[in-house]
Amino acid sequence: MIDCVGKSPEYVLKSVFGYDEFRLLQKQVIENVLNGKDTLAVMPTGGGKSLCYQVPALIFDGLTVVVSPLISLMQDQVASLKNVGVDAVFLNSSVDWSQYLESMNSIRAGTTKIVYVSPEGLATSRINDLLHEVDVKCITVDEAHCLSSWGHDFRPDYLEIASVRKQFKNAVCLALTATATSQVRDDIVRSLALDNPSVLLSSFDRPNIFLSVRQKKKDGIEQIVECLERHKGESGIVYCFSKKDVDNLTDELRSLGYSALAYHAGLSTAVRAENQERFINDDVLVMVATLAFGMGINKPNVRFVIHQTMPKSIEQYYQEIGRAGRDGLPSEALLLHSKGDGAKIRFLFDESESVDRPRAEKLLRGMETYVSGQSCRRLELLRYFGEEYTGKNECCCDLCNMGAAPKRDLTVPVQKLMSCIIRTGAKFGANYVIDVLVGSKNKKITERGHDKLSTYGIGTEFDTDGWKSLTEVLIVNGLLVKVGEYSILNMTQKGLELLRSRSKIELEFRIAVSTAEERRLSSRKGVVAFPKPEKKAGGHHVDFGDDTASEDLFESLKKWRRKKSSEEGVPPYIIFNDRHLLSIVSRKPRTLNELLECNGVGEMKAQKYGGEILSIVSGL
């Protein structure tokens with residue numbers, strides 16, 4: 001195994017992991033850890049968070065403990081580390097006793113540099129006693145948003161980490177997550193009792209992911225199939241609302257000839273594990289799943305993520321679309337929604353005694369705002385996390401791709417909406433006001449007598465989603481505002497003046513249309529509404545042009561990778577991911593030194609696979 005104790009971060013990055021330079025906040029986080037400064041780092045999925053503790057772990061003369069939420073995630077990380085020559089182990093219920101003892105002994109002997117444990121395992125006396133026998137240099141908490149009740153995946157067991165961490169006062173603490181609003185960040189710092197921490201925020205932007213939102217037609221199967229056809233032969237995930245939805249969609253896709261499997265809590269542990277392994281190993285292309293699937297997936301070549309229904313929060317949505325394009329290559333996130341999505345989610349809130357209803361409602365409203373938005377998707381997504389997006393001209397989302405929304409005379413519908421706010425007493429949120437406008441049979445409306453109002457049922461111009469979109473446009477233009485914890489919809493002074501003056505109101509507003517209509521409108525200006533990721537060098541869809549030798553080499557390397565992954569019993573991306581193979585194709589190395597210059601090729605991989613790779617390159 002590789003010995004890098006006392007070496008520089010740059011040396012470790014290149015010699016072990018095969019990369020020439022650090023990305024995003026990696027260097028700053030690593031320097032903090034090496035200097036013993038507690039740190040919370042928020043970095044996007046695929047941003048290289050793992051290197052932030054793996055590089056210091058190899059430099060430290062001691063042990064790094066990584067608290068990780070899922071067995072599959074631990075197994076994946078350990079397999080990746082061992083493949084580059086790093087002695088790492090995981091201690092959890094999947095390990096047989098003899099292997100468990102062997103791993104504990106290697107930790108005591110100081111040969112193991114990194115140990116992965118679950119939060120539940122960390123609290124056991126067996127692991128606690130073991131850690132007190134060695135020199136713990138760093139405690140890393142991965143997926144740290146699980147500490148926060150404001151996070152989308154709160155896990156109470158994570159709250160016990162702080163008590164263990166206090167026992168190792170000389171160990172630096174590093175918390176890592178991809179999704180953290182200011183409330184979640186505050187929860188993490190407080191729960192872990194971080195000591196005067198450095199809180200580092202990378203951009204939440206994932207520019208390689210094409211963002212699109214469409215109104216769902218029936219069950220969405222036609223739109224899902226369209227996306228699968230855009231990504232024929234590629235890996236993707238489809239998230240569904242319920243176990244029943246997962247099973248129905250899986251059966252339908254399989255009947256249409258697509259390579260698909262299901263994943264949800266209703267399946268046995270063995271079936272879930274087998275299905276996940278087949279997906280990770282590229283034996284099956286599409287995983288249809290509930291939100292139970294995804295956190296432990298490091299598969300870098302997921303080219304699309306589809307939501308068959310609207311998620312419960314933007315945090316959940318962002319985490320799930322983050323499964324796409326982890327290798328930085330072009331990918332797509334398609335969100336399908338219907339007017340009934342919010343009602344289904346709210347029904348679950350009502351049925352659950354453990355749900356903090358005001359908090360859950362606030363998170364859901366944020367998701368509804370995103371779905372009904374009229375401006376750049378990326379801008380709205382980043383703004384939710386407190387980040388201002390400055391690259392709108394280069395945005396890759398459906399709305400920006402379609403161009404600016406047309407300016408429309410909205411005088412009458414705006415007057416109707418504002419009048420309805422006034423007649424309902426300016427005491428309700430947008431959903432309730434819109435329900436009155438469209439004539440909903442909601443029991444609360446009839447109980448309050450609002451079905452007798454002059455504005456009841458007069459909103460015939462748009463459906464519920466259309467009115468929500470108009471509401472967001474009026475908020476953006478300063479005519480309406482959401483007030484207080486329950487986001488009461490009210491008029492601004494500007495809005496009141498416009499209503500009283502009965503002035504003409506013209507605003508940019510895109511009325512929701514069908515997918516076919518979107519394409520027709522976009523084709524008028526020569527733009528495809530939802531393009532397949534562009535074919536270009538460095539992207540997954542590689543256009544080699546007349547360079548058939550490079551194309552043949554790429555295919556030969558993929559075939560070789562598949563064979564090696566089968567022999568070693570690891571996923572193909574543990575050997576090399578697509579970006580690494582493309583680097584080899586581009587450079588066409590003839591010697592081991594030239595191979596070491598390729599992206600993702602460290603010393604151990606060069607020694608292990610170099611001869612075979614060079615033979616393939618020279619043979620073409």
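Sequential numbering from 1 along the given sequence is applied to the chain's residues.
The structure places NE2 of H231 at 11.5 Å from OG of S235, a figure rounded to the nearest 0.5 Å. One finds the CD1 atom of I30 at 7.0 Å from the CG atom of L13 (value rounded to the nearest 0.5 Å). Within the model, atoms CD of Q607 and CG of L592 stand 8.5 Å from one another, a figure rounded to the nearest 0.5 Å. For the atom pair OH (Y263) and CD (Q276), the distance works out to 5.0 Å, reported to the nearest 0.5 Å. To the nearest 0.5 Å, atom OG of residue S615 and atom CH2 of residue W560 are 11.0 Å apart. The CG atom of D61 sits 12.5 Å away from the SG atom of C4 when rounded to the nearest 0.5 Å.
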Item to complete: Test side chain to side chain contact (heavy atoms under 4.5 Å, CB included) on R326 and N301 and set out the steps.
Response: CA-CA 7 Å; R326 292 175 65 96; N301 64 331; over 6 Å; no
Discussion item. Apply side-chain hydrogen bond (donor to acceptor under 3.5 Å, both in side chains) to residues T177 and E143 and explain how you reach the verdict.
Written reply: CA-CA 5 Å; T177 182; E143 307 290 354; 5.1 Å; no
Fill in: Residue pair D87, T112: steps toward the side-chain hydrogen bond (donor to acceptor under 3.5 Å, both in side chains) verdict
CA-CA 5 Å; D87 194 334; T112 291; 3.2 Å; yes
Item to complete: Go through the steps to decide whether T290 and H264 satisfy the test side-chain hydrogen bond (donor to acceptor under 3.5 Å, both in side chains), and finish with yes or no.
Response: CA-CA 6 Å; T290 58; H264 57 69; over 6 Å; no
Worksheet entry | Candidate pair R303 and D327, rule salt bridge (charged side-chain N to carboxylate O under 4.0 Å, His left out), full reasoning | CA-CA 10 Å; R303 294 273 72 87; D327 52 11; 2.8 Å; yes
Item to complete: Walk me through it: do F60 and V33 pass the test side chain to side chain contact (heavy atoms under 4.5 Å, CB included)?
Response: CA-CA 10 Å; F60 282 141; V33 173; 3.9 Å; yes
Practice prompt. Verify side chain to side chain contact (heavy atoms under 4.5 Å, CB included) between I224 and E226, making sure each step is shown before the conclusion.
Written response: CA-CA 5 Å; I224 291 170; E226 285 177 356; over 6 Å; no
Worksheet item: Does the pair H337 and H307 meet the rule for a side chain to side chain contact (heavy atoms under 4.5 Å, CB included), with working shown?
Response: CA-CA 8 Å; H337 71 100; H307 283 86; over 6 Å; no
Discussion item. Using the rule given for salt bridge (charged side-chain N to carboxylate O under 4.0 Å, His left out), can you reason through K27 versus E31, listing the C-alpha separation, both sets of side-chain angles and the distance that settles it, and then say yes or no?
Written reply: CA-CA 6 Å; K27 182 66 182 296; E31 288 178 347; 3.5 Å; yes
Item to complete: May I have the step-by-step check of side-chain hydrogen bond (donor to acceptor under 3.5 Å, both in side chains) for Y609 and N83, ending in yes or no?
Response: CA-CA 11 Å; Y609 305 123; N83 195 256; 2.9 Å; yes
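Residues F385 and Y318 place their aromatic rings such that the two centres sit under 6.0 Å apart. The ring of F204 has its center no closer than 6.0 angstrom to the ring center of Y384.
Side-chain atoms of Q319 and E315 form no donor-acceptor pair, as typed in the model, at a separation below 3.5 Å. One side chain, Y258 or E229, offers a donor N or O that lies under 3.5 Å from an acceptor on the other. Under the 3.5 Å distance criterion, with hydrogens and angles disregarded, a donor-acceptor pair is assigned to the side chains of N32 and T39. Using modelled atom types, one finds no donor on one side chain facing an acceptor on the other under 3.5 Å when comparing S68 with D142.
Proximity of K588 to L553: side-chain heavy atoms (C-beta onward) are separated by under 4.5 Å at one or more points.
Minimum heavy-atom separation, K49 to M43: NZ-O, 3.5 Å. Nearest approach of S106 to V89, heavy atoms of both residues: OG-CG1, 4.3 Å. Closest non-hydrogen pair, F279 versus I237, comes out as CZ-CG1, 3.8 Å. Residues L381 and Y370 share a closest heavy-atom pair of CB-CE1, 4.0 Å. Nearest approach of V288 to A260, heavy atoms of both residues: CG2-CB, 4.5 Å. Annotation for Q26 and L51: closest pair NE2-CD1, 3.6 Å, computed over non-hydrogen atoms.
Counting heavy atoms of neighbouring residues, nucleotides and ligands inside a 6.0 Å radius, atom NZ of K243 does not exceed 12 of them. Within a 6.0 Å radius of CG in D96, more than 12 heavy atoms belonging to other residues, nucleotides or ligands are found. By the 6.0 Å contact criterion, CD on E21 is open, its count of non-hydrogen atoms from other residues, nucleotides or ligands being 12 or less.
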Pairs under 3.5 angstrom only: tabulate donor-acceptor contacts from the side chains of residues 280-287 to other protein residues two or more places apart or in another chain.
{"from": "N281", "atom 1": "ND2", "to": "E277", "atom 2": "O", "distance (Å)": "3.1"}
{"from": "D282", "atom 1": "OD1", "to": "K299", "atom 2": "NZ", "distance (Å)": "2.2"}
{"from": "D283", "atom 1": "OD1", "to": "R562", "atom 2": "NH2", "distance (Å)": "2.4"}

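A salt bridge is absent between E597 and R587: the closest approach of a Lys/Arg side-chain nitrogen to an acidic carboxylate oxygen does not fall below 4.0 angstrom. One finds a salt bridge joining K608 and E568 here, because a Lys/Arg side-chain nitrogen approaches an Asp/Glu carboxylate oxygen to under 4.0 Å.
Looking at residues two or more places apart in sequence or on another chain, you find a side-chain contact (heavy atoms from CB on, under 4.5 Å) between S50 and Y53, Q54, Q77. With sequence neighbours excluded, no residue satisfies salt bridge (Lys or Arg N to Asp or Glu O under 4.0 Å) with R272. Remark: D20 pairs with K14 by the salt bridge (Lys or Arg N to Asp or Glu O under 4.0 Å) rule, at least two apart or across chains. Checked against side chain to side chain donor-acceptor pair (under 3.5 Å), S565 has no partners two or more places apart in sequence or in another chain.
Among residues at least two apart or in separate chains, there is no ring-ring contact (aromatic ring centres under 6.0 Å, His included) pair with a member in residues 582-608.
Here the options are L70, I574, V570, L81, the test is side chain to side chain contact (heavy atoms under 4.5 Å, CB included), and the partner is D76; only I574 passes. Checked against D205 for a salt bridge (charged side-chain N to carboxylate O under 4.0 Å, His left out), the options R383, R378, R377 give a single hit: R378.
Relative to the six-membered ring of Y11, K7 meets both conditions, a distance below 6.0 Å and an angle of at most 45° to the axis.
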